[in-house]
Peer 1: 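Dropping the structure in here first, questions after.
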Amino acid sequence: MAIASSFQLAGVMGFPIMHSRSPMIHNYWLAQHGIAGVYTPIAVPRERLEKALRALPALNYRGVNLTIPLKEDALRIADRIDPLARKIGAVNCIVVARDGTLDGYNYDAYGFIQSLREADETWRADAGPVLVLGAGGAARAIVAGLLQEGARQVLIANRTLERAQTLAADMRQEFAGLADIAAIDWREREAAAEGVAALVNTTSMGMKGEPPLKMRLDGLPRHALVADIVYVPLETPLLASARARGHRAVDGLGMLLHQARPAFERWFNVMPQATRDLRKKIEETL
Ligand code: ATR
């Protein structure tokens with residue numbers, strides 16, 4: 001059916017989903033590139049994910065993004081998994097192939113790395129040790145992204161030490177012999193910050209409604225970059241104190257915008273840009 005196939009569909013599945021900014025981002029690009037189509041939020045609880053994904057070809061969807069709590073489940077459902085998504089252990093983008101089978105990707109790592117590059121084009125993953133705070137899903141993508149980019153030393157500090165140890169062990173296995181990856185006690189985070197080239201918060205601390213991240217930055221070298229994946233608020237207490245000390249500070253909105261770009265390209269064959277105008281539009285909704 002010519003009409004059905006010329007109208008392009010994609011979306012984001014999650015539960016809850018109506019808070020997602022992804023529809024704004026992708027619909028902005030669809031309009032910008034003159035593509036007739038729509039990107040929809042789709043509320044899907046975990047128990048319905050498999051049926052929902054398998055319905056995509058019949059619904060004529062090009063694919064979907066996945067968010068909380070579906071990223072790990074999607075890894076088990078997709079027919080083919082990209083190597084980096086496999087290393088991360090989660091899928092945030094599904095592409096429907098011509099034959100109706102499903103390819104799984106994870107662009108969170110790409111989004112994070114691009115957001116650092118946008119803030120500092122000379123940034124290199126191998127510039128020195130990186131201290132990552134947190135060991136949840138976001139930390140997995142970020143640690144994998146840093147290692148993929150050539151980081152030589154990654155320190156992971158998490159409230160629950162065991163989770164940091166599991167993440168470190170998994171990444172040592174996935175990136176065998178390429179880097180020194182260590183879990184450290186949460187109480188050691190300030191001491192560990194001495195000598196790092198970058199500090200990254202991947203926890204929910206500092207997010208609106210959550211407690212602030214308590215961390216003294218006294219030991220952080222002046223040249224160190226400080227990144228936070230939180231984007232509500234855009235300027236977290238961590239980033240404000242980093243900026244006050246003269247550090248380059250990277251907020252979480254860049255990661256959100258940049259992870260969306262390669263997904264859009266897979267579905268619609270155009271690599272869109274995270275323009276200032278788009279960023280401003282999203283900022284207005286925060
Ligand atoms: P995501 O997928 O977004 O990373 P997650 O898997 O729930 O979410 O991980 C949340 C991260 O924030 C974890 O590292 C968590 O620490 P624990 O592993 O100890 O739970 C961290 N976190 C959340 N609230 C925190 C708090 N009040 N203090 C310290 N760490 C916190």
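The figures here come from the full heavy-atom set of this structure, side chains too, leaving out hydrogens, waters and symmetry mates. Order of listing sets the numbers, starting from 1, for every ligand and every atom in it.
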Peer 1: Would you confirm whether Ser20, through its side chain, and Ile17, through its main-chain N or O, come within 3.5 Å as a donor-acceptor pair?
Peer 2: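 Checked: no pair found.
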
Peer 1: Would you mind telling me if ligand 1 is within reach of the side chain of Met205, the backbone, both or neither, using heavy atoms under 4.0 Å?
Peer 2: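 For Met205, the contact with ligand 1 is made by the side chain alone.
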
Peer 1: Does ligand 1 have a heavy atom under 4.0 Å from the side chain of Thr160, from its backbone, from both, or from neither?
Peer 2: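 Under 4.0 Å from ligand 1, Thr160 contributes backbone and side-chain atoms.
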
Peer 1: With a cut-off of under 6.0 Å to the ring centre and 45° to the axis, is Arg62 in cation-pi contact with Phe268?
Peer 2: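 Output no; distance or angle outside limits.
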
Peer 1: Backbone or side chain, does any N or O of Gly134 fall under 3.5 Å from an N or O of ligand 1?
Peer 2: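 The answer is no, given that Gly134 and ligand 1 share no N or O pair closer than 3.5 Å.
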
Peer 1: Taking it one step at a time, do Tyr107 and Tyr105 satisfy ring pair (Phe, Tyr, Trp, His ring centres under 6.0 Å)?
Peer 2: CA-CA 6 Å; Tyr107 294 125; Tyr105 299 88; 5.7 Å; yes

Peer 1: Numbering the atoms of ligand 1 from 1, which are under 4.0 Å from a heavy atom of Ala138?
Peer 2: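 Those of ligand 1 that fall under 4.0 Å from Ala138 are 1 (P), 2 (O), 4 (O).
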
Peer 1: Only heavy atoms count here, so choose which of Glu72, Met207, Arg159, Arg140 is nearest to atom 20 (O) of ligand 1.
Peer 2: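 Ranked by closest heavy atom to atom 20 (O) of ligand 1, first place is Arg159.
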
Peer 1: For atom 23 (C) of ligand 1, what is the closest protein heavy atom, and at what distance to 0.1 Å?
Peer 2: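 So the nearest neighbour among protein heavy atoms is Ser204 OG, 3.3 Å.
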
Peer 1: Quick one: which of Ile184, Leu131, Ile142, Ile181 gives a side-chain contact (heavy atoms from CB on, under 4.5 Å) with Ile156?
Peer 2: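 In the set Ile184, Leu131, Ile142, Ile181, the residue that makes a side-chain contact (heavy atoms from CB on, under 4.5 Å) with Ile156 is Ile181.
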
Peer 1: Please write down residue, atom name and distance for the protein heavy atom closest to atom 9 (O) of ligand 1.
Peer 2: Gly136 CA, 3.5 Å

Peer 1: Could Glu283 and Arg279 be called an ion pair, given the rule that one side-chain N must be under 4.0 Å from one carboxylate O?
Peer 2: yes

Peer 1: Identify the closest protein heavy atom to atom 2 (O) of ligand 1: which residue and atom is it, and at what distance?
Peer 2: Gly137 N, 3.2 Å

Peer 1: Any nitrogen or oxygen of Ile68, main chain or side chain, under 3.5 Å from a nitrogen or oxygen of ligand 1?
Peer 2: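 No, since none of the N or O atoms of Ile68 sits under 3.5 Å from an N or O of ligand 1.
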
Peer 1: Any N or O of Asn158 that comes nearer than 3.5 Å to an N or O of ligand 1?
Peer 2: yes

Peer 1: Ignoring hydrogens and angles, tell me if any N or O in the side chain of Arg140 forms a donor-acceptor pair with the backbone of Ile88 under 3.5 Å.
Peer 2: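 Checking the backbone N and O of Ile88 against the side chain of Arg140, a donor-acceptor pair under 3.5 Å is found.
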
Peer 1: Please determine if Lys87 forms a cation-pi arrangement with Phe175, meaning its NZ or CZ atom is less than 6.0 Å from the six-membered ring centre and no more than 45° off the ring axis.
Peer 2: yes

Peer 1: Using heavy-atom distances, let me know which of Glu162, Lys71, Arg163, Glu210 sits nearest atom 13 (C) of ligand 1.
Peer 2: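 Looking at heavy atoms only, Arg163 sits closest to atom 13 (C) of ligand 1.
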
Peer 1: Is atom 7 (O) of ligand 1 near the protein, in the sense that some protein heavy atom lies at less than 4.0 Å from it?
Peer 2: no

Peer 1: For residues Gly104 and Ala78, report the shortest heavy-atom separation together with the two atoms involved.
Peer 2: N-CB, 4.0 Å

Peer 1: Taking 4.0 angstrom as the limit, do Glu149 and Arg117 come out as a salt bridge?
Peer 2: yes

Peer 1: What protein heavy atom sits nearest atom 11 (C) of ligand 1, and how far off is it?
Peer 2: Thr203 CA, 4.0 Å

Peer 1: State the atoms of ligand 1, each with its element, that fall below the 4.0 Å cut-off from a heavy-atom position in Ala135.
Peer 2: 14 (O)

